[in-house]
J.: 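Structure in structure tokens, see below.
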Protein chains: 2
Amino acid sequence: MADINSNAKIPPQNSGGEATAGGAQARDAEAAWDIIELLFFAYRDFVGDPDAVLLKYAFGRAHHRVLHFVNRNPGMKVADLLDILNITKQSLGRVLKQLVDQGFIVQKEGAQDRRQRLLFATAKGEALALKLAALQTERINRAFGELGPGAHEAARRFLTAMIDGDNREGVLRQIARADRAKTRG
Amino acid sequence: MADINSNAKIPPQNSGGEATAGGAQARDAEAAWDIIELLFFAYRDFVGDPDAVLLKYAFGRAHHRVLHFVNRNPGMKVADLLDILNITKQSLGRVLKQLVDQGFIVQKEGAQDRRQRLLFATAKGEALALKLAALQTERINRAFGELGPGAHEAARRFLTAMIDGDNREGVLRQIARADRAKTRG
DNA sequence: AATTTATGTCAGCCATATTGACATATTTTG
DNA sequence: CAAAATATGTCAATATGGCTGACATAAATT
């Protein structure tokens, strides 16, 4: 299980009588198969939502990731973005250049440190970022609507607990900071 | 936000005083930013676990996905796998061939329909699939351990609700069927 | 017998990632 | 101040995992 592409239907199974070729099954009883697979399918659908919109701009998911985090963290450094995305600067380079060239992101020289190229979403970039987030929010709110109250908090707690322990605080701080950044405006 | 690569630390933010280039923020108040980003980071760490193991076999996430579903659904048809992964047979071909050539998966002619090449994990393949699932299960169980009882059920409900409505039943059936398949052995 | 289905394969292309080397400007340090 | 470190960018080559289109084969269905 890893990242995924997009949607697909679960096909009818042939459930034939053939036995598995392997021998040793039984002690995988405790494996959390349900969560592993639900996470796979849920995430697949979740990231699939924006794809149609991105297609119209000839953008891929790489662009989405960059735009999302830049929009959420106005003035972030290139190095910070690289750390969040965990890609090389060469990989970021191409995608970022396209976003800048097409006016979705601007880079401004750092005030204290003029080597830095701080990243900002333009109005155009923010509009796209919000459109994409709205699609995903729609799915999330639909889910919370189906589940009872408290579902949001439960999901937040579950997802937080799934993050690497040594990184969790940083993530929470980052989310809180971004919230502030985007709320004050 | 979309699929991701692997781990990375959240860097300190420069939180500079620069204002965003865009103008319109404020009505994104209802966007579920927290869930969007938590899902991103949680999934990133979740799929990152197996990467180190896969590296030793010179396998990628594509191999993991194939091996996972074949192991969970012994005797599945190639066409079913294509539908679950939502890739083309040409894409599957390369990865599947490597798994077959290296003895992780075997293909058997269908009994009723001899055109079919039913897929089975070998003992070797199952061992690897279980090893990878164990890593992910470890993370999941750690999370459920931190949260109280009922966390498993809550997570299951949340993730299920996040799946496309028209696909949800199929996913649940698929998971249940796989559980049966691997339990009877 | 003709058609459809399940699968495989060849060939070429694209997006996104990688490593390594090197360049430039700026800040920090000895 | 000179040297070293840092932030960023860029060139080139390469790998992975997707894609489309075309075509092939065997077996099932009509």
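All of these numbers come straight from a predicted model, not from anything done at the bench. Per chain, numbering begins at 1; letters A, B, ... match sequence-line order.
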J.: Establish, yes or no, whether a centroid distance under 6.0 Å links the rings of B:Tyr43 and A:Phe40.
T.: no

J.: On the nucleotide C:dT16, are OP1 or OP2 found under 4.0 Å from the side-chain N or O atoms that A:Ser91 carries?
T.: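 For A:Ser91, the contact criterion (side-chain N or O under 4.0 Å from OP1 or OP2 of C:dT16) is not met.
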
J.: Compare the minimum distances between each of D:dG17, D:dG9, C:dG8 and the side chain of A:Val78, then state the nucleotide with the smallest one.
T.: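 So the side chain of A:Val78 is nearest to D:dG9.
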
J.: Within the 3.5 Å criterion, strictly below it, is a donor on A:Asp34 or B:His152 matched to an acceptor on the partner's side chain?
T.: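 Yes, a side-chain donor-acceptor pair sits under 3.5 Å.
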
J.: 5'-most contact on DNA chain D: B:Asp113 or A:Gly93, nearest heavy atom basis?
T.: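 Going by which nucleotide is closer to the 5' end, it is A:Gly93.
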
J.: Between atom CG in B:Leu55 and atom P in C:dT18, what is the gap in whole Å?
T.: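 Rounded to the whole Å, the gap is 12 Å.
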
J.: Tell me what A:Gln98 touches on the nucleic acid: a base, only sugar-phosphate, or nothing, going by heavy atoms under 4.0 Å.
T.: nothing

J.: Using whole Å, report how far CD of A:Gln112 lies from C1' of D:dT6.
T.: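 These atoms are roughly 15 Å apart.
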
J.: Taking the basic N atoms (NZ, or NE/NH1/NH2) and the acidic carboxylate oxygens, is any pair closer than 4.0 Å for B:Glu37 and A:Arg72?
T.: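 Looking at A:Arg72 together with B:Glu37, the answer is yes, because their closest N to O distance falls below 4.0 Å.
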
J.: Between protein and nucleotides 20-25 of chain C, what N or O pairs are separated by less than 3.5 Å?
T.:
{"unit_1": "C:dG20", "atom_1": "O6", "unit_2": "A:Gln90", "atom_2": "NE2", "d": "2.7"}

J.: Within this structure, what is the CG-to-C1' distance between A:Leu119 and D:dG9, rounded to whole angstrom?
T.: 13 Å

J.: Taking 4.0 angstrom as the limit, do B:Arg139 and A:Asp164 come out as a salt bridge?
T.: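 Yes, charged N to carboxylate O under 4.0 Å.
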
J.: Whole Å only: how far is the NZ atom of B:Lys97 from the P atom of D:dT16?
T.: 15 Å

J.: Assign the ring pair B:Phe144 / A:Phe158 to parallel, tilted or perpendicular, where the plane angle (0 to 90°) is split at 30° and 60°.
T.: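 It falls in the parallel class, under 30°.
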
J.: In whole angstrom, give the distance that lies between atom CD1 of B:Ile105 and atom P of C:dT7.
T.: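 To the nearest whole Å, that distance equals 14 Å.
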
J.: To the nearest Å, give me how far apart NZ (B:Lys77) and P (C:dT7) are.
T.: 6 Å

J.: The criterion is ring pair (Phe, Tyr, Trp, His ring centres under 6.0 Å); which residues satisfy it with A:Phe104, sequence neighbours excluded?
T.: A:Tyr57, A:Phe59

